[in-house]
Amino acid sequence: MRERYSLGKSNLFTAKTDNTHLLLHAKYVSLQHKKQHITIMTYLVLRLYTIGNVAMMLPVIASVAADAPQDTFVILSRKNLAPLFATIPNIQFVQAEQHTDFKQTMQLYKQIKSQYKIDKVIDLQRIWQTKLIAALFRFKGVKTYAIELQRRQKRDLLAKRKNNGQLKTEAQRYAETFMKAGCKCTFKFQKLAINQQAQDTIEKIYGTKQGKWLGIAPFAKYKSNMLPYRTMKEVIAYFSQQADTKVFLFGAGTIESAMLKQWADVFPGVISVAGKLDIDQEIELMRKLDLMLCMDSANQHLAATIGLKTLIVWGGTHPDAGYMAWKSTQDDYLQLSTNCRPCTINGTNKCRKHKDFECLKQIAPQLVIQQVSKRLYE
């Protein structure tokens, strides 16, 4: 830890993504360094994946960073997620590969140890890679803190043994871990700052917005988390025929991209952005949307980082497990009340009670269209 001075209040959420916000922050530090004497800390925050979980972390760590602008927060996560944190001046990002083996994990530890004087380690995932890095720092005398996983409560929720209602949200558990490490978290985050370069790129590709722009992210990692193919096809077909409405399809992966391209080729006014944009560009496109229809997937959490209105479909999973989007409410959910839900915490490809996830199959295309139209046009 280093001895420096308090910085007062700093606005971390209005800067543009270029060197300007970093220079302004440094100048602010210089101008304020004669104020009250305090200790400055450097925290290592470990959350390697997934995109959704890292997106859920963003409002929390952005709030913590805003409450302690004098401190530095070093995030270790997947390299393609670095743009999510680019507008926050006191966050540094260390890039990890999508799949990190033992050798790569050791290299990451050595890299971080050589580049930063880490005062505390905050493990927000508790997988073997993050546990190893935390243990190595702990061996060197660095204090470490780990997230509560709520495993027993999740088992009880699935077994319907106890009516505990809503479990702690992922954001709450992240915040509690930071607070255990001595950080302050007042949840002042509202939305990500505009990435001007990415926004300019979106403007060049898709032009000036006219009419209603609807985003649809029809896929998820597991079958339990997404509507049937025919349902989504009918929904997309309907909105492609509505006047002054443009539909953008979001997705990832080779198979998803090919399917979304098929729909975009068939239906007028439908554009697939799958595999075409970086994550910061996707977020800037989302910023222009009027509504996002998505499943229980990463897209609900990315949309939440810029305050986009969403309609989230829940099937085998359930918001009571705590993985809902930042600041989302019951009004943002489309779900059926069945006695077999939830059957999974994160998702599954095998329906335990029915052959093909009746909790999703029974959601008619007309119901989805009605709920989307209500939010999009009224």
Side-chain angles (χ1 to χ4, degrees), residues 43-64 73-78 81 84 96 98-100 102 105 108-109 118 120-139 142-183 185 187 220-222 224-225 296-298 300-301 304 314-328 341-350 352:
Y43 298 88
L44 173 61
V45 182
L46 307 173
R47 181 75 223 195
L48 293 177
Y49 55 80
T50 59
I51 296 176
N53 292 100
V54 174
M56 280 188 276
M57 178 184 74
L58 192 152
V60 178
I61 194 170
S63 297
V64 171
F73 297 86
V74 181
I75 298 177
L76 175 63
S77 191
R78 284 169 52 174
L81 302 179
L84 292 177
Q98 183 169 352
H99 303 289
T100 307
F102 179 82
T105 303
L108 286 169
Y109 163 72
I118 300 299
K120 294 183 179 181
V121 177
I122 300 175
D123 183 355
L124 296 181
Q125 192 163 8
R126 286 175 62 182
I127 57 175
W128 73 262
Q129 293 96 330
T130 61
K131 288 180 180 179
L132 175 59
I133 292 174
L136 291 169
F137 274 105
R138 190 163 54 247
F139 181 74
V142 177
K143 291 184 178 181
T144 63
Y145 305 85
I147 190 172
E148 174 195 358
L149 296 179
Q150 294 192 125
R151 285 173 175 160
R152 179 180 57 81
Q153 294 91 334
K154 291 173 183 176
R155 286 195 298 267
D156 288 343
L157 180 66
L158 292 179
K160 321 293 190 298
R161 285 194 291 262
K162 295 181 180 180
N163 185 20
N164 292 330
Q166 172 71 59
L167 301 186
K168 291 179 183 177
T169 67
E170 184 91 335
Q172 286 176 315
R173 292 188 290 120
Y174 286 154
E176 287 177 356
T177 312
F178 277 104
M179 288 187 283
K180 283 192 298 183
C183 298
C185 184
F187 292 111
K221 185 177 180 180
Y222 300 102
S224 61
N225 299 21
D296 176 19
S297 65
Q300 67 162 316
H301 304 295
W314 295 85
T317 56
H318 198 287
D320 278 355
Y323 294 100
M324 72 281 286
W326 171 259
K327 290 190 175 180
S328 66
R341 292 184 62 233
C343 65
T344 176
I345 295 298
N346 298 308
T348 180
N349 288 322
K350 185 177 181 181
R352 296 180 180 180

- Task: Applying ring pair (Phe, Tyr, Trp, His ring centres under 6.0 Å), name anything that partners Tyr43, two or more places apart in sequence or on another chain.
- Result: Phe73
- With sequence neighbours excluded, what pairs up with Ser77 under the side chain to side chain donor-acceptor pair (under 3.5 Å) test? none
- Task: Check side-chain contact (heavy atoms from CB on, under 4.5 Å) between Phe139 and all other residues, then give those that pass, not counting sequence neighbours.
- Result: none
- Query: Excluding sequence neighbours, so at least two apart, what forms side chain to side chain donor-acceptor pair (under 3.5 Å) with Thr130?
  - Reply: Asp123
- Centroid separation Phe178 to Tyr145 less than 6.0 Å: no
- Task: Quick one: list whatever passes salt bridge (charged side-chain N to carboxylate O under 4.0 Å, His left out) with Lys143, sequence neighbours left out.
- Result: none
- Task: Supply the atom-to-atom distance Arg151 CZ to Gln153 CD, rounded to the nearest 0.5 angstrom.
- Result: 11.5 Å
- Does Leu76 offer a backbone N or O that forms a donor-acceptor pair with the side chain of Arg47 under 3.5 Å? no
- Kindly indicate, with the supporting measurements, whether the criterion side-chain contact (heavy atoms from CB on, under 4.5 Å) is fulfilled by Val64 and Tyr174. CA-CA 10 Å; Val64 171; Tyr174 286 154; over 6 Å; no
What donor-acceptor contacts under 3.5 angstrom involve side-chain atoms of residues 51-60, with partners at least two apart or in another chain?
from, atom 1, to, atom 2, distance (Å)
Asn53, OD1, Thr50, OG1, 2.7
Asn53, ND2, Glu170, OE2, 3.0

- Hey, could you give me the CD/OG1 distance between Gln150 and Thr169, rounded to the nearest 0.5 Å? 8.5 Å
- Quick check: are there more than 12 heavy atoms from other residues, nucleotides or ligands sitting under 6.0 Å from NZ of Lys350? no
- When rounded to the nearest 0.5 angstrom, what distance separates CG in Asp296 from OG1 in Thr344? 9.5 Å
- Between the side chain of Arg341 and the main-chain N/O of Gly315, is any donor-acceptor distance below 3.5 Å? yes
- Query: Got a sec, which residues hit side-chain contact (heavy atoms from CB on, under 4.5 Å) with Ala220, two or more places apart in sequence or on another chain?
  - Reply: Asn225, Met226, Met295, Ser297
- Between Pro342 and His318 the two heavy atoms that sit nearest each other are CB-CB, 3.7 Å
- Message: Set out, in order, the CA-CA distance, both residues' side-chain angles and the distance that settles side-chain contact (heavy atoms from CB on, under 4.5 Å) for Leu44 and Ile133, then state yes or no.
- Response: CA-CA 10 Å; Leu44 173 61; Ile133 292 174; 4.1 Å; yes
- Task: Would you check if Trp128 and Thr105 make a side-chain contact, meaning some heavy-atom pair closer than 4.5 Å?
- Result: yes
- Hey, what do you get for CD1 (Ile61) to CD1 (Ile122), rounding to the nearest 0.5 Å? 7.5 Å
- Kindly write out the residues that satisfy side-chain contact (heavy atoms from CB on, under 4.5 Å) with Arg138, not counting sequence neighbours, or none if the list is empty. Ala134, Ala135, Thr144
- Message: Restricting to side chain to side chain donor-acceptor pair (under 3.5 Å), what partner residues turn up for Lys168, sequence neighbours left out?
- Response: Glu148, Glu176
- Roughly how far, to the nearest 0.5 Å, is the CZ atom of Phe187 from the NZ atom of Lys327? 10.0 Å
- Item | Distance (rounded to the nearest 0.5 Å) between Leu124 CG and Ile127 CD1 | 11.5 Å
- Task: Could you pull out all residues at least two apart from Ile345 that satisfy side-chain contact (heavy atoms from CB on, under 4.5 Å)?
- Result: Lys154, Leu157, Leu158, Ala321, Tyr323
- Query: Is there a donor-acceptor pair under 3.5 Å between the side chain of Gln300 and the backbone N or O of Ala325?
  - Reply: yes
- Message: Restricting to non-hydrogen atoms, name the atom on Cys343 and the atom on Thr348 that form the minimum distance, rounded to 0.1 Å.
- Response: SG-CG2, 4.4 Å
- Message: Ignoring hydrogens, what is the shortest heavy-atom contact between Ile147 and Arg126? Give both atom names and the distance.
- Response: O-NH1, 2.8 Å
- Item | Partner residues of Ser328 under the side chain to side chain donor-acceptor pair (under 3.5 Å) criterion, sequence neighbours left out | Tyr333
- Task: Please list, chain by chain and in numerical order, all residues satisfying ring pair (Phe, Tyr, Trp, His ring centres under 6.0 Å) with Tyr222, sequence neighbours excluded.
- Result: none
